Amino acid sequence: MNDTTLTANRLKTDTTRKTIIAALFAALTCVGTMIIKIPTPTNGYIHPGDGFVLLSGLLLGPLWGALAAGFGSALSDLIGGYFIYVPATFIIKALTAITAYFICKPIAKHIHTKTALPALIISGVAGEAVMVFGYFVFEIFMLSVLNDVTLSAGVIASLAGIIPNIIQGIFGVIISSVLYPLLRRCLRSNNTGFVCLI
């Protein structure tokens, strides 16, 4: 075999490995989202799956992390019967993972501590802020356009979902901050091809 063949085979192996791990994170996100469902006033629900959404972005990077977070969360909405949320959830959760990744990267470089906790918390809060804002905007659209309600009534009704989404986000940050060191070690020791941020 020449060097080109070895490189092509290694690339296929790395891509396959990354695909499998991203699918695993999508499954973890889906199951984490479906385990506990606390209904919200806007026909959504609070769940611990946001911890895996953040972990997807932080551990898998922006592309694979966004895909895992988006597909896992959207699949949970699909299975759970929240059909109208599926496209919005895919986009919002993918953006949540991407935001966490891109906020964590510079913070990890500038904050020098013995643990990754400050960078994880700050990037998790930023990612979850995207989630809260994303669902707020979507629910305004859903309530005012799809349900034929006035815009002001849609905004007022959507405000009811902010506090539950913030609570969900807080739990997501806690879960990701606790599990990140364990999963990072596991991904690094198994030569997955992912470059963990911190």
Side-chain angles (χ1 to χ4, degrees), residues 14-15 17-33 35-36 46-74 76 88-138 161-198:
D14 286 346
T15 303
R17 193 176 292 143
K18 287 180 179 182
T19 303
I20 291 168
I21 292 171
L24 175 63
F25 269 87
L28 287 169
T29 301
C30 181
V31 170
T33 303
I35 289 175
I36 300 170
I46 297 174
H47 56 81
D50 270 25
F52 294 105
V53 167
L54 294 172
L55 286 167
S56 293
L58 295 169
L59 292 168
L60 307 181
L63 174 63
W64 292 100
L67 290 172
F71 277 119
S73 298
S76 176
T89 293
F90 178 84
I91 293 166
I92 292 166
K93 298 300 182 166
L95 289 174
T96 300
I98 289 169
T99 301
Y101 174 84
F102 282 113
I103 296 294
C104 190
K105 195 172 184 176
I107 290 174
K109 287 181 182 178
H110 295 296
I111 296 178
H112 302 288
T113 62
K114 292 183 179 185
T115 69
L117 196 57
L120 293 172
I121 292 171
I122 293 168
S123 62
V125 168
E128 294 301 333
V130 168
M131 182 270 295
V132 171
F133 180 74
Y135 279 116
F136 175 67
V137 170
F138 172 71
I162 290 179
I163 298 299
N165 281 335
I166 289 172
I167 293 168
Q168 175 179 303
I170 290 168
F171 282 108
V173 172
I174 292 168
I175 290 166
S176 65
S177 297
V178 169
L179 293 179
Y180 180 86
L182 303 169
L183 293 173
R184 180 191 64 190
R185 219 172 301 139
C186 186
L187 286 175
R188 283 185 175 171
S189 67
N190 288 320
N191 192 24
T192 60
F194 289 108
V195 179
C196 300
L197 287 175
I198 41 182

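If you're wondering where the values come from, they're calculated on a predicted model, not measured in any experiment. Counting from 1, the numbers follow the sequence of the chain as shown.
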Identify, with sequence neighbours excluded, every residue that meets side chain to side chain donor-acceptor pair (under 3.5 Å) alongside Gln168.
His47, Asp50
So do [Y] and [X] actually touch side chain to side chain, heavy atoms under 4.5 Å?
X: Phe133; Y: Ile92; answer: no
X: Phe171; Y: Ile36; answer: no
X: Ile121; Y: Ser177; answer: yes
X: Glu128; Y: Leu54; answer: yes

How long is the gap from [atom1] on [X] to [atom2] on [Y], to the nearest 0.5 Å?
X: Ile170; Y: Asn165; atom1: CD1; atom2: CG; answer: 11.0 Å
X: Leu179; Y: Ile174; atom1: CG; atom2: CD1; answer: 11.5 Å
X: Leu63; Y: Tyr101; atom1: CG; atom2: OH; answer: 11.0 Å
X: Ile162; Y: Phe136; atom1: CD1; atom2: CZ; answer: 4.5 Å

Nearest non-hydrogen partners of [X] and [Y], listed with the distance:
X: Ala74; Y: Phe90; value: CB-CB, 4.0 Å
X: Leu60; Y: Ala68; value: CD1-CB, 4.1 Å
X: Thr19; Y: Trp64; value: OG1-CH2, 3.2 Å
X: Thr33; Y: Ser76; value: CG2-OG, 3.2 Å
X: Ala94; Y: Ala66; value: CB-O, 3.6 Å
X: Ile98; Y: Pro62; value: CG1-O, 3.7 Å

Take Ile20 and Leu24, measure what side chain to side chain contact (heavy atoms under 4.5 Å, CB included) needs, and give me the verdict at the end.
CA-CA 6 Å; Ile20 291 168; Leu24 175 63; 5.6 Å; no
Working note: Leu59 + Ile21, criterion side chain to side chain contact (heavy atoms under 4.5 Å, CB included); need CA distance, chi angles, decisive distance, verdict.
CA-CA 10 Å; Leu59 292 168; Ile21 292 171; over 6 Å; no
Sidechain-backbone polar pair: Ser123 side chain, Leu120 backbone, donor-acceptor under 3.5 Å:
yes
Check against side chain to side chain contact (heavy atoms under 4.5 Å, CB included), Thr89 and Tyr135
CA-CA 8 Å; Thr89 293; Tyr135 279 116; 2.7 Å; yes
